[in-house]
Amino acid sequence: MIMAYELVIGLETHVELNTESKIFCSCGGHSSPKEPNDCVCPACSGMPGMLPVMNKRVVELAATAGLMLNCEINRYTTFDKKNYYYPDLPCAYQITQLNHPICVNGLVKVKTAAGERDIRIKQIHMEEDAGKLVHGGNSSFVDFNRTSVPLIEIVTQPDFRSPEEVVTYLGKLKSMFKSTGISECEEGAMRCDVNISVREEGSEKFGVRTEIKNMASFEAIDRAIRYEAQRHMDALEFGTEELVQETRRFDDVSGKTFAMRNKETEADYRYFPDPNLMPIVIDDEWLEEIKANKPVALDEKAEAYAEAGISDKEIAMLMSEHTVAKLLDDVIALGCNAKDAAAWILTDCAGILRKAGLKLKDLSITAEGLSYLIKKVDEGKLNRGAAKKTLIAVIENGADPIAYCEEQGFTKEIDSSMIEAVIDKAIESNPQAVSDYKAGKEKALMAIFGACMKELKGSGDPGQIRTMLIEKLKN
Amino acid sequence: MKYYAEIINEKGAIAVDDTILTKDTLSTAGSHILEGYKPLFSAEAVERLEKNGFNISGKTHVGEFGLDLVGEFSYYNKFEDGETLKGAAAELVKSGDVKAALGVDMNGATRRAAALSNVAFLKPTYGTVSRYGVISCAASGEQLGVYGKDADTVAEIMTVIAGNDKKDGTSLFESSYTYDTNADVKNAKVCIVKELLDKADDDVKANIVSYAETLKAQGVEVEEISCDFFEAANTAWQILMCAETCNNVSRYDGVKYGHRSENYRNIDELYVNSRTEGFNFLTKAVILYGSDVLSKTRYNDCYDKALRVRRVVAEKMKELFSKYDAVLTPVCSKSEYKAYDIKDAFTKVFEESVFTAVPNLIGLPALVSCGVQLISKQFDESKLLSLSKIVERKGE
Ligand SMILES: [Zn+2]
């Protein structure tokens, strides 16, 4: 008889934090260096005599991530040393948090076709990354650029029941952290260890648990879970093998998991509190500051955008680029209409960027500059065409929008007597078009209107000019 | 014996021990594993001295990572059988070749060296002098201190080097400290711990008694008391010291700098052979002991218990200092050490450290002068220096 089985999955997710410097030294943190060992100092390369100095920003970002995942923030948080030898670990220990992690007891809701499930977050802790080994010929080389880059590790309870839930959860983390700038979430900046066991449906007892280490792509995670679940079920159903608690790795090529050597997995890391880092106390004032500066999380933000009439497609674009979302928020804060502003950014600017071979994230206009253009257009003091010309100059040549408009005379104050004079002149110099129009050829209006606009060099409200022109032609 | 591992400046007035980094000059902590290591920067204390116009004369020999009694087991400086052991920095100060010297007090070696050479050494309150640039072993209790011929010299140098340093996360907030050698200590109360006195030989005892008599003659009250926790405090410190040292010297693996074995076929052999060749017997014993007390099965009974003992000792010492201004103790059990086999070093150092461990364990200041040690509560260095000056004056 084939039993019904249930998957039980827990995740440990490492996320690289987006900080200006590393976690314990002043080397540039996230901004990727070009050459190996470009971004190292005596501290993060394990020279004697150097001491770790805590980067306060890491604490703030980790706490912010915790708040977004509905965690409690531990007011007293400490660092521990984890000992193991590997050439990419210059001190032969990693500084991490074992006993007093910064965040505990969070909750994330994950929605799949099977329904919504609560995923409990056990803890979030801060730690430093290790370096990288590069193998070539008969030698191996060490690149310490990544050592001491700040990470958070988010540990869930074994609350997932399917690979779909896992992938949905990871996607949610990714867009949440990316849209708020907590992490750039670039390729490899999010890595996962998956704990998995299988039990008979309805059983309270957990099955034998295996851990699949260090996977970076959602696709690999999905495949690994499916393979591993099948392996467990085959073992339970047909006795194909005896399951043991062990650590495994996923091989992307064969799509299978393999047990890792015991030596790597049964290590005693001899954790102990790091005496060089004083316990961090997060007092009320600091926590309030962190809360006040917390960027609005994806869900709330998307909801607010939707309410303001921004389309789902536009919201999706905004969520994937936190700098663009920030620009929109700032422009709205400066008094522009949300829906209009979104269209300016995601239609007008995006179009110009695309033509210039640039990406949305390359948009470099300031909120002040953009809101100036939008407001001028709204007030009828700048026409859309001129605004677009300005945007092109800004995007392609880095022009200052306000200065550019003035230079080009786009925003020259124009009174109706000036417009009238221009219209009179256009009528006078286009007799053919005038008689055609008067004979009923509506299209002929465009020639006269175009002549007016040319004369006005883009200034003036086109609607107003058009109306005035039609009035004149009635005579 | 040789004093210097490397001469920096012939006309220098301050010597620096070799566990302290000096830019572009050998800084090897007396160990083969750091052979040829020249750092890119100087320790904060060295920088502050140079900024204040002091010349550094050179690097003095130390025992490997400062783990031995007084510096007898340096890779670069050998003592002959039966020779009397002296600390290099302490001897240079004694001979007057240098005005003062910097040393790192981690497990009492600097204080013992000062006592045997009859010069002064102050191990200041933990966190008052930056440890930036100290080749660190036991971070939670090591402290950079000063050798000088007398209290005034020590105070002068301390004033220059003490104060907050942002590069050291354990550095305390105050930007500077005052070291007064003429504080009023006429009505001070000093106690002698009977259990420690009993561990010393007659010469050392006699020295303590005469030191106490001199203090009494100046109106200082001296009492003998019984205190049962110094042994436990020492065991706790040895556990923490070995564990932290084991962890901190892990980075010396032959991969990045220092000694690399010529015999290896893979990374494991590179580690094992480099470290086997690079560390001396005593360091290896400390590594093994430290590794053991941190292991999963022993952590709760050893390391964690040592942390608890540290808290209890801090409480007990606080109680003691509510009644007394200072504790007067021996520094060594004998008035001289002879060269001995390194295989006996671990036990010997463990036994001798009973006199020196409490200040390391809980960060208290300790002043060695005239062959004895005075311990006070945190930040009470001025009282120690002033008491010591009373006795120095009598000797004049
Ligand atoms: Zn660095």
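Here is the naming used below: chain letters follow the sequence lines, and residue numbers restart at 1 for every chain.
Both the backbone and the side chain of Met47(A) have a heavy atom closer than 4.5 Å to some heavy atom of chain B. Contact of Tyr132(B) with chain A is made through backbone and side chain together, with heavy-atom distances under 4.5 Å. In this structure, chain B has a heavy atom under 4.5 Å from the side chain of Asn83(A), while its backbone stays farther away. Residue contact with chain B, scored on non-hydrogen atoms closer than 4.5 Å, involves the backbone of Tyr271(A) exclusively. Heavy atoms closer than 4.5 Å to chain A are found in both the backbone and the side chain of Ser291(B). Interface residue Lys167(B): only backbone heavy atoms are found under 4.5 Å from chain A. Arg131(B) touches chain A through backbone and side chain together, each having a heavy atom under 4.5 Å away. Heavy atoms of Leu240(B) lying under 4.5 Å from chain A are absent altogether.
Side chain of Lys256(B) to backbone of Pro90(A): a donor-acceptor contact under 3.5 angstrom is found.
Using a 3.5 Å distance cut-off with no hydrogens or angles, the side chains of Arg251(B) and Tyr85(A) do not pair a donor with an acceptor. Using a 3.5 Å distance cut-off with no hydrogens or angles, the side chains of Tyr303(B) and Arg270(A) do not pair a donor with an acceptor.
Listed options Pro42(A), Cys91(A), Ser45(A) were ranked by heavy-atom pairs under 4.5 angstrom with chain B; first place goes to Cys91(A). For the set Ala43(A), Cys25(A), Gly46(A), the entry with the most heavy-atom pairs within less than 4.5 Å of chain B is Gly46(A).
Here the closest non-hydrogen pair linking Ala243(B) and Phe272(A) is O-CZ, 4.5 Å.
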Verdict with supporting geometry, Tyr269(A) and Lys296(B), side chain to side chain contact (heavy atoms under 4.5 Å, CB included) | CA-CA 8 Å; Tyr269(A) 291 117; Lys296(B) 256 184 214 154; over 6 Å; no

May I have the step-by-step check of side chain to side chain contact (heavy atoms under 4.5 Å, CB included) for Met278(A) and Thr170(B), ending in yes or no?
-> CA-CA 7 Å; Met278(A) 296 286 107; Thr170(B) 62; 3.6 Å; yes

